[in-house]
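Note sheet for the following structure.
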Amino acid sequence: MDFSFLEVHKEDFIDGFLTTLSVSLVALVLSLIIGTIIAIFRISPLAILRAIGTAYVEFFRNTPLVIQVFFFYFGLASIHINLSKFFVGSLGLAIYTGSFMAEAIRAGIQAVPKGQMEAARSSGLSYVQAMWHVILPQAFKLIIPPLGNQFINLVKNSSVLAIIAGTDLLYAADVAIANYDVTSVYVLVALLYLVITIPLSIGVNYLEKRWAKKG
Amino acid sequence: MTIIQFTNVNKYYGDFHVLKDINLTIQSGEVVVILGPSGSGKSTLLRCINRLEDISSGELIVDGFKVHDKNTNINLLRQEIGMVFQHFYLYPHKTVLENITLAPIKVRKMNPEEARKGAMELLTKVGIPEKANAYPSQLSGGQQQRVAIARGLAMKPKIMLFDEPTSALDPEMIGEVLDVMRTLAKEGMTMVCVTHEMGFAREVADRIIFMDEGRILEVGTPEEFFNNPKEERTKLFLSRILHH
Ligand SMILES: Nc1ncnc2c1ncn2[C@@H]1O[C@H](COP(=O)(O)OP(=O)(O)OP(=O)(O)O)[C@@H](O)[C@H]1O
Ligand SMILES: [Mg+2]
């Protein structure tokens with residue numbers, strides 16, 4: 001291993017790490033919101049909302065992330081909508097990951113016994129109130145493990161930013177391998193991804209255990 | 001005063017005619033027990049009252065609201081109707097106190113302190129104030145059902161619906177739940193109960209309604225119903241139930 005490239009490229013790697021971290025965090029929050037909304041569409045009593053939800057999931061889950069990011073970046077630029085790389089990266093990732101999260105969240109919601117919704121509605125709560133106070137808290141407990149997997153995929157998928165020259169971790173590596181030992185560069189990059197994903201795994205496990213205790 | 005009125009109500013599940021030409025008037029303060037074999041439509045009838053099920057035709061008026069009318073604000077009507085289910089359906093992620101105060105705080109916009117005070121009074125009434133901060137999973141079935149009744153009462157409803165509230169309980173816990181229901185009946189609550197507890201029906205009901213295959217076959221006081229049933233189906237049902 002030869003980490004001498006750090007002498008020249010240390011800043012690139014720090015920037016790359018921070019970009020990957022912040023894109024991931026922003027995308028994570030956004031994808032959770034998108035996923036929840038689309039999941040609720042998917043089980044809505046209104047046929048039109050269900051159709052929108054299904055179309056969303058089928059489209060974004062079944063097309064490559066790279067194509068989606070290209071579309072948002074180059075496609076929109078061609079009609080003079082210029083978005084920052086950070087924004088395109090976060091939004092693209094969130095839209096893509098949101099389709100997987102929607103399916104995980106929908107499965108979680110549907111695993112909550114039907115009687116919970118009936119009990120809540122029969123006490124006078126609106127559909128939205130019943131979802132928010134009664135169904136979603138129970139559903140989220142069930143979907144922490146699959147959601148955790150999606151979080152980790154999201155961090156790893158953030159590497160697509162490199163292809164539109166967003167200055168993320170993988171991009172830093174692309175720059176460094178021009179003059180230095182390729183293996184060492186990628187080992188460092190992999191380690192830096194682990195610095196993000198391993199604490200995420202531990203956090204998810206912790207939440208799962210803590211919530212499992214609470215009845 | 002009439003509080004629930006079914007007029008020529010029919011309900012279908014697809015092609016299946018589950019409620020057939022139901023005519024039924026319930027007075028405020030009345031305790032009505034619905035009996036009948038499995039699949040006869042008892043739960044469906046009950047669940048129409050707070051529109052957990054929609055009726056297909058006819059008219060259903062509850063507390064002055066046209067239940068079947070799409071313009072009726074159903075959440076407003078449901079505040080007046082408490083419901084207790086066979087399987088309790090307490091919210092497992094909330095404490096007993098939170099289970100009871102959720103609707104008063106979110107729907108009635110009651111201040112939380114006041115709601116908790118009311119909830120404690122209800123818990124005292126159903127005999128388990130010491131469980132206020134427990135989670136449902138830490139309670140016995142009988143205790144859970146008593147909490148569910150307290151939750152139903154928290155909105156100060158005019159009507160309470162019970163769908164086989166003791167059917168999921170171990171025999172030794174049935175009494176404690178029936179006691180709470182008996183107290184409610186004495187206090188003048190309007191109650192519609194589906195139950196297989198014949199002792200309770202005989203003692204507490206003002207009227208018994210017997211259903212079979214989606215129809216109300218017979219209506220009468222417990223006295224008339226148990227001692228002098230008119231319909232053959234009723235006699236058969238009673239002989240089966242009372243001799244097992
Ligand atoms: N959602 C539904 N879709 C189709 N059929 C249904 C549905 N719900 C109930 N049924 C049918 O309607 C009939 C009446 O059901 P209901 O639950 O009202 O009976 P019940 O008298 O309460 O019976 P039990 O004593 O078993 O609870 C049954 O034949 C049942 O299979
Ligand atoms: Mg039933």
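These numbers come from the heavy atoms of this one structure, side chains and all, not from hydrogens, waters or symmetry mates. For clarity, every value in this text was computed on a predicted model and none was experimentally measured. Letters A, B, ... are given to chains in the order of the sequence lines, protein chains preceding strands, and every chain is numbered from 1.
With rounding to the nearest 0.5 angstrom, the NE2 atom of His133(A) is 9.5 Å from the NE2 atom of His93(B). Between the OG atom in Ser123(A) and the CG atom in Asn75(B) there is a gap of 9.0 Å [rounded to 0.5 Å]. To the nearest 0.5 Å, atoms CZ (Phe85(B)) and CD (Gln116(A)) are separated by 9.5 Å. The distance from atom CD1 of Ile49(B) to atom OG of Ser122(A), rounded to the nearest 0.5 Å, is 12.5 Å.
For Tyr206(A), the OH atom is loosely surrounded, since the number of other residues' heavy atoms within 6.0 Å does not exceed 12. Shown here is Phe59(A), whose CZ atom has no more than 12 heavy atoms of other residues, nucleotides or ligands within 6.0 Å. For Phe87(A), the CZ atom sits in a loose shell: 12 or fewer heavy atoms of surrounding residues, nucleotides or ligands are nearer than 6.0 Å. Around atom CD1 of Ile48(A), no more than 12 heavy atoms belonging to other residues, nucleotides or ligands sit under 6.0 Å away.
In this structure, chain A has a heavy atom under 4.5 Å from the side chain of Arg47(B), while its backbone stays farther away. Residue contact with chain A, scored on non-hydrogen atoms closer than 4.5 Å, involves the backbone of Ile81(B) exclusively.
When side chains are defined from C-beta on, Leu102(B) does not count as touching Gln129(A), because their heavy atoms never get closer than 4.5 Å. You'll find the side chain of Pro137(A) stays beyond 4.5 Å of the side chain of Lys94(B), heavy atoms only.
Your options are Lys106(B), Arg51(B), Glu80(B), and the one with the most heavy-atom pairs under 4.5 Å with chain A is Lys106(B). Annotation: maximal heavy-atom pairing with chain A below 4.5 Å, among Ile74(B), Val84(B), Leu90(B), Asn50(B), occurs at Leu90(B).
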